[in-house]
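Notes to accompany the following structure.
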Amino acid sequence: MAKEITSRKENYSQWYNDIVNKAGLAENSSVRGCMVIKPYGYAIWEKMQSALDKMFKDTGHENAYFPLFIPKSFFSKEASHVEGFAKECAVVTHYRLKTSEDGKGVIVDEDAKLEEELIVRPTSEAIIWDTYRNWIQSYRDLPLLINQWANVVRWEMRTRLFLRTTEFLWQEGHTAHETREEALKEAELILNIYADFAEKWMAMPVLKGLKSPNERFAGAVETFCIEALMQDGKALQAGTSHFLGQNFARAFDVKYLTRENKLEYVWATSWGVSTRLVGALIMAHSDDNGLVLPPKLAPIQVVIVPIYKKEEQLEAISQKAHAIMEQLKGRNISVKFDDRDTYKPGFKFAEWEMKGVPVRLVIGPRDLENGTVEVARRDTLEKEVLKMENIDEKIEHLLERIQDNIFQKAFSFRDENTFSVDTWDEFKDKIEKGGFVWAHWDGTSETEQTIKDETKATIRLIPLQRDGDTGKCIYSGKPSEGRVVFAKAY
RNA sequence: CGGGGUGUGGCGCAGUCCGGUUAGCGCGCUACGUUCGGGACGUAGAGGCCGGGAGUUCGAAUCUCCCCACCCCGACCA
């Protein structure tokens with residue numbers, strides 16, 4: 001039929017595109033590389049936002065908003081930061097248009113050239129640290145714990161809906177602290193929040209770790225990350241939390257008076273997750289029938305489809321449906337009654353399946369007679385007929401089981417696709433097939449780069465605790481302090 | 001930036017080689033009726049500067065030249 005999607009086996013990236021398209025999450029816009037996030041996709045992002053926002057606030061962070069534009073000179077104050085982002089910055093050079101000579105269009109007014117060009121933020125460290133200089137004077141102003149929800153622009157060469165777009169939405173936290181230890185603790189706190197969010201809300205298991213110098217954020221001393229495994233065996237960086245040391249404080253001259261009345265540079269962190277998480281969510285759970293959403297992030301958790309022949313039947317069913325809706329809303333379950341009479345039930349089943357609604361209730365004449373309702377779950381596609389009594393409680397439990405089940409499924413998948421190897425041949429073989437590959441590495445950038453050139457695999461993370469499992473680097477044979485996780489990545 | 005490809009109703013395409021009345025098809029859309037426990041059907045409709053410009057010709061979606069845009073594959077990346 002027209003609505004069918006490509007199978008994962010046939011063409012994984014086409015499958016992904018089909019889901020984004022047919023579930024109505026997003027579409028390409030007229031602007032190259034930029035997407036339009038459609039209402040259903042945006043609703044998922046809003047659910048993510050509200051959960052994360054609460055977690056940030058519960059740990060003492062406040063929201064603020066900084067400008068979209070960054071003066072070029074600010075941007076260049078931190079050397080490695082510029083180097084990392086310079087290649088992908090959009091630059092504003094003029095502030096006015098005028099009608100063209102032939103009167104048919106508009107052109108840039110060359111007389112309206114900006115004295116100093118503005119960079120469209122690829123991230124906000126520069127403008128924020130320039131501001132923090134004025135906000136921070138003494139240890140009493142610390143810690144400064146700020147987050148902002150914003151859009152950023154990185155001029156990417158190749159884009160994919162949600163996973164990599166020129167403009168994307170994210171949150172970026174920027175904190176300032178008295179001590180190195182405190183800043184490190186903050187970076188790890190956020191890392192744990194990200195991991196918790198991924199596992200408890202997105203039902204997506206993640207590994208936590210440290211980035212190698214090659215993969216580290218431009219301007220950071222350490223980058224912590226969470227990494228998830230997608231169904232095609234590729235890794236996806238789902239969130240990063242950076243310990244910035246005093247790099248930005250030095251670059252922007254942000255000093256504070258210590259308790260001992262001495263001037264010191266402050267210690268910093270920054271951290272972010274983006275709309276890329278929506279892409280991760282899709283690739284973590286969905287199947288060949290469409291999107292599969294974890295109940296906790298599903299904009300619609302339960303859909304009710306009526307089956308009827310005559311108008312009177314619909315009326316009786318509507319009554320039942322509305323009663324159920326009231327009960328479910330009382331338990332904070334979002335529910336939609338799909339009483340459109342322009343589509344047949346079969347069509348609606350397929351459509352809600354495509355959109356990943358976790359639970360579908362079907363009420364028809366038979367159910368009215370028997371006091372039952374048909375309950376179908378999206379994750380397993382199983383159907384059962386339940387008595388109407390305590391239906392709200394049953395559904396609440398079912399949603400919990402679904403949340404749990406899709407996490408377990410993703411967890412087993414990762415488990416089955418995680419390997420530990422000791423030889424170069426084994427390494428190449430496993431990397432080729434996909435998955436996380438634990439292997440010894442000599443700790444040098446050169447080796448990492450060579451491995452990347454030869455296999456396209458990168459070090460996704462270095463585990464936080466290295467358990468003394470020393471060995472020999474799979475590539476160079478030199479000593480290794482412990483295994484690190486390699487994978488091909490998005 | 002290299003290499004390949006494609007531009008035709010909202011979407012997916014045919015037609016282009018070999019020029020010829022009114023540019024087709026499927027899906028979707030609108031109205032009405034019949035249907036309704038896994039993607040319904042009938043009837044009647046609406047919807048096109050055939051990517052843009054310049055040529056050749058009695059005549060161009062079709063031939064020639066020049067632009068433009070987008071997609072795929074590589075180098076870069078949350």
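All figures in this text were calculated on a predicted structure; none of them were measured in a lab. Within every chain, numbering begins at 1; the chains are lettered A, B, ... in the order of the sequence lines, protein sequences first and strands thereafter. The basis for the numbers below is simple: all heavy atoms, side chains too, and nothing from hydrogens, waters or symmetry mates.
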Whole-Å distance between B/A78 C1' and A/Glu88 CD? 9 Å
Positive for side chain to side chain contact (heavy atoms under 4.5 Å, CB included) with A/Asp53, one of A/Met55, A/Gln49, A/Lys57: A/Lys57
Looking across every strand, which nucleic acid part, if any, lies under 4.0 Å from A/Pro306 by heavy atom: base, sugar-phosphate, or nothing? nothing
Please tabulate the protein-to-nucleotide N/O contacts below 3.5 Å involving nucleotides 28-32 of chain B, giving atom names and distances.
unit_1, atom_1, unit_2, atom_2, d
B/C29, OP1, A/Tyr343, OH, 3.2

Nearest-nucleotide pick for A/Ala350, side chain only, options being B/A75, B/G39, B/C76: B/G39
Rounding to an integer number of Å, can you tell me how far A/Met354 CE sits from B/G38 P? 18 Å
Using a 4.0 Å heavy-atom cut-off, does A/Leu236 contact any base of the nucleic acid, only the sugar-phosphate backbone, or nothing at all? nothing
Using a strict 4.0 Å threshold on nitrogen-to-oxygen distance, state whether A/Arg378 and A/Glu353 make a salt bridge. no
Would you check if A/Gln148 and A/Ser124 make a side-chain contact, meaning some heavy-atom pair closer than 4.5 Å? yes
Once you apply a heavy-atom cut-off of 4.0 Å, does A/Asp367 come out as touching a base, just sugar-phosphate, or nothing? base
Without decimals, in angstroms, what is the distance between A/Asp338 CG and B/G37 P? 14 Å
Spell out yes or no: do the side chain of A/Glu353 and the base of B/G38 have one donor N/O and one acceptor N/O closer than 3.5 Å? yes
Expressed in angstrom and rounded to an integer, what is the separation of A/His81 atom NE2 from B/A78 atom P? 13 Å
Roughly how far apart, to the nearest Å, are B/C17 and B/G53 at atom C1'? 24 Å
Rounded to whole Å, how long is the line connecting atom CZ of A/Phe349 with atom P of B/C36? 14 Å
Would you say B/G74 has OP1 or OP2 under 4.0 Å from some side-chain N or O of A/Arg158? yes
Could you measure between the two P atoms, the one in B/G28 and the one in B/G19, and give it in whole Å? 37 Å
Between A/Glu384 and A/Glu374, is there a donor-acceptor pair closer than 3.5 Å when you use the side chain of the first and the backbone of the second? no
What is the distance, rounded to the nearest whole Å, between atom CD of A/Gln449 and atom P of B/C76? 8 Å
Measure from CD on A/Glu311 to P on B/C36 and round the result to the nearest Å. 14 Å
Before we go on, tell me: are the rings of A/Phe85 and A/Phe217 under 6.0 Å apart, centre to centre? yes
Suppose you measure atom C1' in B/C18 against the same atom in B/U22; what distance do you get, rounded to whole Å? 23 Å
Does A/Lys344 place a side-chain N or O at less than 4.0 Å from the phosphate oxygens OP1/OP2 of B/C41? no
Answer with base, sugar-phosphate or nothing: what part of the nucleic acid does A/Phe168 contact at a heavy-atom distance below 4.0 Å? base
Evaluate the ring-ring contact (aromatic ring centres under 6.0 Å, His included) criterion for residues A/His61 and A/Trp271: first the C-alpha distance (whole Å), next the side-chain angles of each, then the deciding distance (0.1 Å), finally the verdict. CA-CA 12 Å; A/His61 301 83; A/Trp271 28 275; 5.1 Å; yes
Closest nucleotide of RNA chain B for A/Val31 versus for A/Ala489: which of these residues is on the 5' side? A/Val31
Touch class at under 4.0 angstrom, heavy-atom based, for A/Thr165 against every strand present: base
Can you tell me how far C1' in B/A14 sits from the matching atom in B/G7, rounded to whole Å? 15 Å
A/His174 and A/Tyr132: aromatic ring centres closer than 6.0 Å? no
Would you mind telling me which of B/A78, B/G38, B/G39 lies closest to the side-chain atoms of A/Phe347? B/G39
Integer angstrom distance from the P of B/U21 to that of B/C71: 35 Å
Just to be sure I follow the notation: if a pair is Watson-Crick (purine N1 to pyrimidine N3 plus N6-O4 or O6-N4) or a G-U wobble (N1-O2 and O6-N3), each under 3.5 Å, what dot-bracket string does RNA chain B give, with | for pairs to another strand? ((((((((.[[[[.)....(...]]]].((((((.....)))))).....[[[[[..)....]]]]])))))))....
Considering only heavy side-chain atoms of A/Ile307, the closest of B/C36, B/A75, B/C71 is B/C36
Starting from P on B/C76, measure out to NZ on A/Lys488 and report it in whole angstrom. 15 Å
Closest-nucleotide 5' rank along RNA chain B - winner of A/Thr159 and A/Lys456: A/Thr159
Work out how far the P atom of B/G12 is from that of B/C70, and round it to whole angstrom. 16 Å
Partner set under side-chain contact (heavy atoms from CB on, under 4.5 Å) for A/Lys456, not counting sequence neighbours: A/Lys488
Determine whether the aromatic ring centres of A/Phe243 and A/Phe224 lie less than 6.0 Å apart. no
So A/Arg160, base contact, sugar-phosphate only, or nothing? Heavy-atom distance under 4.0 Å. nothing
Of all the nucleotides listed (B/C70, B/A78, B/G39), which has the minimum atom distance to the side chain of A/Arg32? B/C70
Considering only atom P, compute the distance from B/G48 to B/C11 and round it to an integer number of Å. 13 Å
Should A/Asp338 and A/Arg360 count as an ion pair when the cut-off is N to O under 4.0 Å? no
Taking the C1' atom of each, how far is B/G24 from B/G47, in whole Å? 14 Å
Over all strands shown, is A/Glu156 touching base, sugar-phosphate only, or nothing at heavy-atom distances under 4.0 angstrom? base
Between A/Glu351 and A/Arg340, is the closest basic N to carboxylate O distance under 4.0 Å? yes
Let's see if you can work this out: which of B/A78, B/G38, B/C71 has an atom nearest to the side-chain heavy atoms of A/Lys383? B/G38
Inspect the surroundings of NZ in A/Lys296 and state if more than 12 heavy atoms from other residues, nucleotides or ligands are less than 6.0 Å away. yes
